[in-house]
Structures are given as structure tokens and as C-alpha cells.
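Let me begin by presenting the structure, written as C-alpha cells, before commenting on it.
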Amino acid sequence: MLHKWGAAQRCAARNEGAKSNKQAIRPCVARLSVRSALSSRQICCSAIEQSAAPTLSRASSNGSSSGVVAELDEKQEAEQQAVAADPVLAYNLEKNDWTASSLSVVVLGASGDLAKKKIFPALFSLYYEGLLPENFQVFGYARSKMTDAEFRDMITSTLTCRVNARERCAEAQERFLKRCFYQAGPYDEPGGFQALSTRLGEQEAVKPRANRMFFLSIPPNVFLSATGNAADHARSKSGWTRVIVEKPFGRDSASSAELGRGLAQHLAEDEIYRIDHYLGKELIENLTVLRFSNRVFEPLWSRQYIRNVQIIFSENFGTEGRGGYFDQYGIIRDVIQNHLLQIVALFAMEQPVSLDAEDIRNEKVKVLRSMKVVAPEDVVMGQYRARGKLPGYLDDKTVPEGSLTPTFAAIAMFINNHRWDGVPFLFKAGKALHKRYAEIRVQFRHVPGNLYRDKQGADPDAACNELVIRIQPKEAIYLKINNKVPGLGLRLEQTRLDLQYQQQYQVELPDAYERLLLDVVNGDKRLFIRYDELQAAWDLYTPVLHELERSQAAPELYPYGSRGPLGAHYLAARHNVRWGDLADDADDE
Ligand SMILES: NC(=O)C1=CN([C@@H]2O[C@H](COP(=O)(O)OP(=O)(O)OC[C@H]3O[C@@H](n4cnc5c(N)ncnc54)[C@H](OP(=O)(O)O)[C@@H]3O)[C@@H](O)[C@H]2O)C=CC1
Ligand SMILES: O=C1O[C@H](COP(=O)(O)O)[C@@H](O)[C@H](O)[C@H]1O
């Protein structure tokens, strides 16, 4: 399964007469993907080459090869057309030539939670699925002292074989671990980075072009010094250097701008990848597909038909262990100003000129810049308190005594443009609630002059159509419609047109970090946040965040495991909205 990319490149190298790498590799990608349902990101192919070969030889031996070859040729042609129409693939093919390059991924903060929980497992998954180049290595970097062997021991327990075919997983893990190295050093001095660069060079020696990718999995107080040292002392001299920055990108407009200026002293904007892992979730990537490839949705996607949009994030656990970080930020900065606002930008944008990163981000930034700055009266804050044995936020030892930091918030926002004027976009996000889920709910307007008004029960709201995009868990898209209850009578009930991913696709979905790391390898910035988007997002929230801090506004307490504070319902009611998740809860239990 490994090194499909390398195989495609080798195959391309044999393709004489092609004018460019892109032209050379296309037929290879197409031919080698004949028997596989690879996504547009999964760029071919040795495994597929092997799986096509036996079919051909078996067919030859019973004398029917021409039929099979013709069939393959047909499929190949169809695949070639698909590849030609895929701008992501075309972009990747144009930008990378891994026959002459190596890839080093350096994880700064390798001893930390995010690195262990997300980054190493994602890198292993990509490796296992053959999506990383042949000459590939991982370097962990942190202050903790560790040998390569200890580092490998540390990450072993984090590696799992996510993909369907788990065959030879242990073997793949062993091979992956041999590519993992560790360098101890400080973030704020050059010495460690110089040593890192030397060791990177030793591993990269076999390829003329050495590409280096740094993941800043470190606390924000060392972002700038680590970036400066990485860029100045461990930057690639022969290939590209890309730096992935994790949130928090500052605390407000001013600190974010300062961070931006600091990064810009060492890196060009095209070297910076601001990650928002919600953009890497399957259902979020599907948002634009849903909108722009289905004729049925786009005409409805405006104030004319949509009454309100709700973006809901609910976690059934508290800050356990992350209280120190969380208390400095709170739920608005932790989740709403970034993950949920990014979802709205994608949800509400106009159709971009193309799927190119800049075209998409141009449209997103227009939405953000059209939004009304959040008003204090449109914010409800909550903080969880203890319930039975479940600890309250203030019981977390890493949280300062008497902290007023919100662990829950509900917010109403508006987009002042032709399409969305007057439509409330309601956000609700909280920790230590009753369930873990994230979803987008689109509530449609009432049916005017409804013929069936008296057949639908007393509550007219319950008869409104609602489109639900369930981001996680149990990913799904369903549309609530009114339907006649079968039988001789005439009674209507609300039911669902239901796309449940588990039933429909029966594949395990890739983790968001897998998708995003692969995008960085391929230089694809569609799912990363551009500087002007970030600043526009902060400008919407900075005044209210400052005001809440200045006024020392006390959050409403809610019990651990509840649905959050009552204030969220009053806020929704003020905008003539009812939270859709309450109605659906009973069905989903
Ligand atoms: N964990 C998560 O789920 C998420 C994290 N993030 C962000 O990702 C980044 C990393 O997160 P996470 O792994 O949880 O962070 P950690 O607190 O685990 O820190 C990562 C590593 O940084 C080093 N470190 C910790 N504190 C300091 C300090 N004060 N000064 C210098 N170095 C320090 C430690 O390594 P050593 O001492 O060995 O150098 C530690 O192992 C953060 O910016 C965080 O906000 C974003 C989304 C989710
Ligand atoms: O960025 C963050 O996201 C997580 C939730 O991510 P998910 O992919 O598990 O939904 C959240 O717990 C954390 O507080 C926040 O920093």
C-alpha cells in the first residue's frame, strides 16, 4: 500500500514525450486508479498497479484479454477525464515532484498532548495509506530530553491503523517508527535548531531538494521565538519550508496582528499555514459540494427561504487538564471566533470563481467583512458548576479561583448583505453539557397559505423544514420534511430524508488532521486561514470580548451534564428562533 505517490512519479518518469510533470503523470494516475475508489487527494498508485495486473494476466490466459483491455481503456479514459477536471489533483501534480525531493515533518512540542493525540497518528495514517513521499521522515523537537528510541516508544502507543484494510499494520508501524527521530532543545535559542537542521540534513542527503514542514504544537508564548529560530536556523536551503501554526492566533485584533507581524518577519505568507481543524472535517469540506453541486439547494440558500441558521458545538466533558490554557481564552475564543465562524463563512459565501484556495478565501473574507460586529446584548455566557461527583469548572485546580471565564456561550450574529440581511446566525458552544455533537441547522420559513395547517398539530414551528448537517459524531445530512402518514386518513407528520454516512459509505472517515497535513504536503491552502480572514474574524469579536472583560460580567451557572444555561433560550426567542437540537434529541437517543 505504501508510496503510491512515488510510484506515480516513477511511472510518469517513464512517460516519454510528455511536456510537463503534470502531463506525464496524468495517464499514470488514471491507469493506476482504475480499480480503486481513491479520493481526489489520494494520488495513486503502486498498489493499484499491482491489483490491475492479475486481472489482465488471468484474462490473457483464458483468451479474453482484448475485452478486459478495452474495458480498462474505457475506464482509463473516464478516469483521465476526471483527473483533468480535478483542480486539486492538477494543482498537486504541478507543485510537487517527489522523485527529486524529500519531506521532513518537524513537530515542535513533540512531547505534548496535541502531538501525541493528533499529529503523530495522522502522519502514520497518511504513511500507511501510501500518501507520503518515499523519502519522508518525522522529527520530534521539544525541551524534554529523549533519545530516538524513547521518542519512538512514546509515539508507538498513539499509532493506530485507521483505514479499512488493517493488514500488515504492525509491520507498517515498525517501518514508520524507523523514520522517526528526536532532537531535544529550547524554543527560544538557536542552538537546538541548528543541531536539528544538521540532523535533518543527514536524513535528507539522498535527494537534491529537501522540503521541510514545521508544526508549531507549542503554547502561544513560544510561537514567535520558535518560528524565528526554525525559519532562521532550520529552514530548507533547497526546497520549500512550510510552517503550520495552531490556534490561538492571538487573543484579539491587536495581539493577532502582532503575532502576524512577528511571523511575517521570518516567513512569507505562502509559507504560513494557519490551521483550523474544523475545516478538515469531512462534513465541512462537503459544505461547498452540497451547495454548489446540487441545483436544489442553491436557490433556497438566502433570506428568502431561510429563517435562521444555527451552528452548535456541544461537549460532554469539561476542561479537565486544560484549564490553565482554557481560562485565558474562554469558549468564545476557543471555539466560536474560529471553528464556528469559519463554518459560517463557508456556509454563507457566494460561489467562488474556482476551487482555487485564493478564490475560496476571497469569498469567505467577504462574508466575514459583511458581518455585524457582535453586540453585548447578543451574547449569553455560562460556566458549568459541579453536579454530584462531576466537578465544576472552578474545581479544576489549574483554573484561578473565582474565574469568570465562560465555558458556554450563545451568540446571535448577522450578515449585512443582499443574501442574508436579517437572518440570525445563532451560535451555541459549551463544555460539560449533556452530549457531544456538532451540527449546522438550517431552519426554513413557514409555508405561506399552508393548505395543511390544521393537519399538522398545534405547533406551526414544528412543521417548518429543517436541513441538518451533523458534523460529528454519526456524520449525517438530513432534511426534515412534512409527509402524509400512510393510510386512509389525512394526517401529516414530520419525517426525514436521511443520509447517514455510516450506512451509506461504510468507511471510517479520515481525521481532520490527516486531511490538513496532507494538504500542507501538497501546498493546498484551501482549508487554511488567510491573514485577512483571521483579522476580519477578530474584528467581529474584539469589542465584545473587551467589553465583557471590562465589565467583569458574570456567566450564568449551569450544572455539569445539562443543556446549558436558560439564557440561551431567551436569546434565541428574542430573535424568534427555537434551538433545533432540543426537538431532535429524543429521536437521536
Ligand atoms: N491539545 C489540544 O487538543 C489542542 C491544542 N491546540 C493548540 O496546540 C498547541 C499545543 O497544544 P498541547 O499539545 O495541548 O500543549 P501542551 O501544553 O501539551 O504543550 C506542548 C509542549 O510544549 C512544551 N511546553 C509546555 N509549556 C511550555 C511553556 N510554558 N514554555 C515552553 N514550552 C512549553 C512542552 O514540551 P517540552 O517541555 O518538552 O518542551 C509540551 O509538551 C497549543 O498552542 C494549543 O493551544 C489547539 C487545539 C487543540
Ligand atoms: O480546538 C478545539 O477543539 C476541541 C474540539 O475538537 P473536536 O474535533 O474534538 O470536536 C475542543 O475540545 C478544544 O477545547 C478546542 O481548543
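One finds a salt bridge joining K118 and D511 here, because a Lys/Arg side-chain nitrogen approaches an Asp/Glu carboxylate oxygen to under 4.0 Å. Contact check on E271 versus R242 returns no salt bridge, with no Lys/Arg side-chain nitrogen under 4.0 Å from an Asp/Glu carboxylate oxygen. Ionic pairing of E533 and R274 is not present here: no N-O contact between side-chain nitrogen and carboxylate oxygen is shorter than 4.0 angstrom.
Applying the salt bridge (charged side-chain N to carboxylate O under 4.0 Å, His left out) test to every pair with at least one member in residues 374-384, sequence neighbours left out, gives these pairs: D378-R574. Residue pairs meeting the salt bridge (charged side-chain N to carboxylate O under 4.0 Å, His left out) criterion with at least one partner in residues 251-268, sequence neighbours excluded, are R251-E549. Listed by first and then second residue, the salt bridge (charged side-chain N to carboxylate O under 4.0 Å, His left out) pairs involving residues 336-353 are E350-R419 (not counting sequence neighbours).
Side-chain contact between L340 and V335: present, with at least one pair of heavy atoms (C-beta onward) separated by less than 4.5 Å. Here the side chains of H569 and P565 are not in contact, with every heavy-atom distance at 4.5 Å or above. Looking only at side-chain heavy atoms (C-beta outward), Y384 and T319 come within less than 4.5 Å of each other. Proximity of V521 to L126: side-chain heavy atoms (C-beta onward) are nowhere separated by under 4.5 Å. The shortest distance between side-chain heavy atoms of I343 and I284 falls below 4.5 Å.
Here the two rings, on W301 and F347, have centers that are under 6.0 Å apart.
No option in R578, R445, K480 other than K480 meets the salt bridge (charged side-chain N to carboxylate O under 4.0 Å, His left out) test with E466. When the options Y558, F313, Y560, F427 are evaluated for a ring-ring contact (aromatic ring centres under 6.0 Å, His included) with F408, the one that passes is Y558.
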**Message:** For D581 and K435: C-alpha separation, side-chain torsions, deciding distance, then whether salt bridge (charged side-chain N to carboxylate O under 4.0 Å, His left out) applies.
**Reply:** CA-CA 11 Å; D581 54 338; K435 275 207 306 200; over 6 Å; no
**Request:** Apply side chain to side chain donor-acceptor pair (under 3.5 Å) to Y273 and D519, showing your working.
**Result:** CA-CA 10 Å; Y273 287 71; D519 281 350; over 6 Å; no
**Asked** What's the verdict on ring-ring contact (aromatic ring centres under 6.0 Å, His included) for F414 and H575, showing C-alpha distance, side-chain angles and the deciding distance?
**Response** CA-CA 11 Å; F414 294 88; H575 293 288; 5.4 Å; yes
**Message:** Checking N483 against T495 for the side chain to side chain donor-acceptor pair (under 3.5 Å) test, could you report, in this order, the C-alpha distance in whole Å, the side-chain angles of both residues, the deciding distance, and whether it holds?
**Reply:** CA-CA 7 Å; N483 202 49; T495 185; 5.9 Å; no
**Request:** Evaluate the salt bridge (charged side-chain N to carboxylate O under 4.0 Å, His left out) criterion for residues E298 and R291: first the C-alpha distance (whole Å), next the side-chain angles of each, then the deciding distance (0.1 Å), finally the verdict.
**Result:** CA-CA 6 Å; E298 193 49 26; R291 282 189 64 193; 3.3 Å; yes
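Within a 6.0 Å radius of NZ in K372, no more than 12 heavy atoms belonging to other residues, nucleotides or ligands are found.
Side-chain contact of N338 with R333: a donor-acceptor pair under 3.5 Å is absent, judged by distance alone. For the residue pair H339/D334, the side-chain donor-acceptor check at 3.5 Å is not satisfied. Residues D327 and T405 bring a donor and an acceptor atom of their side chains to less than 3.5 Å of each other. Side-chain atoms of Q535 and S256 include a donor-acceptor pair closer than 3.5 Å. In this model, a donor atom of one side chain and an acceptor atom of the other lie less than 3.5 Å apart for N308 and Q310. T398 and D396 form a side-chain donor-acceptor contact under 3.5 Å, judged by distance and modelled atom types alone.
The two residues I481 and N465 have their closest heavy-atom pair at CA-ND2, 3.5 Å. Closest approach of V289 to E285, counting heavy atoms only: CG2-O, 4.0 Å. Shortest non-hydrogen contact noted between A345 and V367 is O-CG2, 3.9 Å.
Classification of the H277-Y513 ring pair by plane angle, with boundaries at 30° and 60°, yields parallel.
Counting only distance, with no hydrogens or angles, the side chain of N286 and the backbone of E282 share no donor-acceptor pair below 3.5 Å. Distance alone, capped at 3.5 Å, is enough to place a donor-acceptor pair between the Q506 side chain and the Q503 backbone. A donor-acceptor pair is defined here as one N or O able to donate and one able to accept, closer than 3.5 Å; no such pair exists between the side chain of R470 and the backbone of E439.
Taking the ring axis of Y278 as reference, the NZ or CZ atom of K281 stays within 45° of it and closer than 6.0 Å to the ring centre. A cation-pi contact, defined as under 6.0 Å to the ring centre and within 45° of the axis, links R496 to Y478.
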